[in-house]
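All of these numbers come straight from a predicted model, not from anything done at the bench. Lettering of chains follows the sequences in order, A, B, ..., and the numbering in each one begins at 1. Scope of the values below: all heavy atoms of this structure, side chains included, with no hydrogens, waters or symmetry mates.
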There are 2 protein chains.
Amino acid sequence: MARKAGSHADITGPAIREVAQRLFAHSGYAAVSMRQIAAEVGVGVGALYLYTPDKQTLLFDLMRDHMSALLDAWEATDKGETPEAQLQAFVSFHIDFHIDRPDAVFLAYMELRNLTPENFAVIEALRRQYEDHLQDILTLGQEAGAFHVEDARVITMALIAMLAGIHVWYRDGGRLSRDRIQTLYLELVRRTVSP
Amino acid sequence: MARKAGSHADITGPAIREVAQRLFAHSGYAAVSMRQIAAEVGVGVGALYLYTPDKQTLLFDLMRDHMSALLDAWEATDKGETPEAQLQAFVSFHIDFHIDRPDAVFLAYMELRNLTPENFAVIEALRRQYEDHLQDILTLGQEAGAFHVEDARVITMALIAMLAGIHVWYRDGGRLSRDRIQTLYLELVRRTVSP
DNA sequence: TTTGTATATGAACAGGTGTTCATTTCAATC
DNA sequence: GATTGAAATGAACACCTGTTCATATACAAA
């Protein structure tokens, strides 16, 4: 046997990435073998290497694409004018974006140490860009007298950690609706920086 | 060669656990081999199996011992009487305990998916116990009118995530002293629940 | 219908995995 | 000094790892 009927690059490529993301998120990069990915996709091992030069690049591409999509989506978001509106926009955006991509979020937070140093630096820079968007909102709001911000960097990290923690307990169809979560966390964030 | 000069069980045993914790935290459970651990300790592979039945149990024991130590240490902490004092005690305790054990904390948060289902259930129950201590403080404080707590479970998870996030950026000898971090986070938590 | 190429295969390679166990060594006890 | 048992060894086992490549097929173009 060799090439199967109905096989196409524009199907296999995305399929490999989807399967890899799911398996990496569930079991961890090091615990997932290329043969497992291939089997789940329904191809032989060799086929994977038509779509990625190696396993490390497969992981890196997944993480980089997630971070790029995150930054692009925030760029495209309507942010409002006042610091209060911008902070609210950031929190709503963050929750919405992340709650729909649990596997990608898991990867981006948990597999950093499995990146080569060069790849890690790239992802870390993207993550820092995202954090800086929030930090800028806080700093400008502080200068405008809209927020009380004792240490912008610390509060940025505290708020991001708080929001990132949602993925630990959130389950689709659980006790709390997405709207309810948005409301609760918006209030928490508002309290954290209110003057 | 077989047994080395000056070798003792009460030295090798702890050494294996320390090395395993450091390597697991740094590279991840699946990426660390028993041969690496043995080499770092300075013994042959076989010696490891005098101290642990298998690799999975080695990981589980590290995580369980960490969680037990956490719960015991909180038990032994002076908590004060008022809800405000208890909340402050919890935050101070949490930061102090976790900042001194970065590897153990990393393990307990990152390697849950590498536990067998049975072992996972045990660790998860211990974690839940710890979370419940905070949740109880919040609920009692709410009932006493000392706190404004919209949803005790959500705020518990949000505060724990916020505190757990410290280990992401904290470095010994960094910009912020331990005392400064305590002060900043105490204020953040206070704001989150103030009536 | 023939040809060219994109797509896929899976055996092969060199090395690594967790775990076992017959064997050896050291240090303490008699 | 002889004996004993705890402590440690490292080769061996069966299997898995990421990656390569000669080979084969299916489809589109000529």
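- A sub-4.0 Å separation between OP1 or OP2 of D:dC16 and a side-chain N or O of A:Ser33 is absent.
- With respect to the salt-bridge test (charged N to carboxylate O, under 4.0 angstrom), the residues A:Arg178 and A:Asp100 qualify.
- Following rounding to the nearest Å, A:Lys55 (NZ) and D:dT19 (C1') show an atom-to-atom distance of 12 Å.
- Considering only side-chain N and O atoms, B:Thr12 lies under 4.0 angstrom from the phosphate OP1 or OP2 of D:dA8.
- Atom-to-atom, CG of A:Asp54 to P of D:dT20 comes out at 8 Å; the value is rounded to the nearest Å.
- The pair B:Arg113-B:Glu124 fails the salt-bridge criterion, with no side-chain N (NZ, NE, NH1 or NH2) lying under 4.0 Å from an Asp/Glu carboxylate O.
- One can place OH of B:Tyr49 at 6 Å from P of C:dG18, the figure rounded to the nearest angstrom.
- Screening B:Tyr185, B:Tyr130, B:Trp74 against B:His94 for a side-chain hydrogen bond (donor to acceptor under 3.5 Å, both in side chains) leaves a single residue, B:Tyr130.
- Following rounding to the nearest Å, A:Leu48 (CG) and D:dC21 (C1') show an atom-to-atom distance of 15 Å.
- Atom CG of B:Leu50 and atom P of C:dC21 are 13 Å apart (whole Å).
- A:Ile37 has its CD1 atom 17 Å from the P atom of D:dC16, to the nearest Å.
- Neither side chain, A:Asp136 nor A:Thr139, offers a donor N or O lying under 3.5 Å from an acceptor on the other.
- A:Arg35 contributes a side-chain N or O that forms a donor-acceptor pair with the base of D:dG18 under 3.5 Å.
- Rounded to whole Å, atom C1' of C:dT19 lies 17 Å from atom OH of B:Tyr51.
- Residue contacts for B:Val32: at a heavy-atom cut-off of 4.0 Å it reaches the sugar-phosphate backbone alone, with no base atom in range.
- Side-chain proximity of B:Val45 to the nucleotides C:dT9, D:dT17, C:dT19 is greatest for C:dT19.
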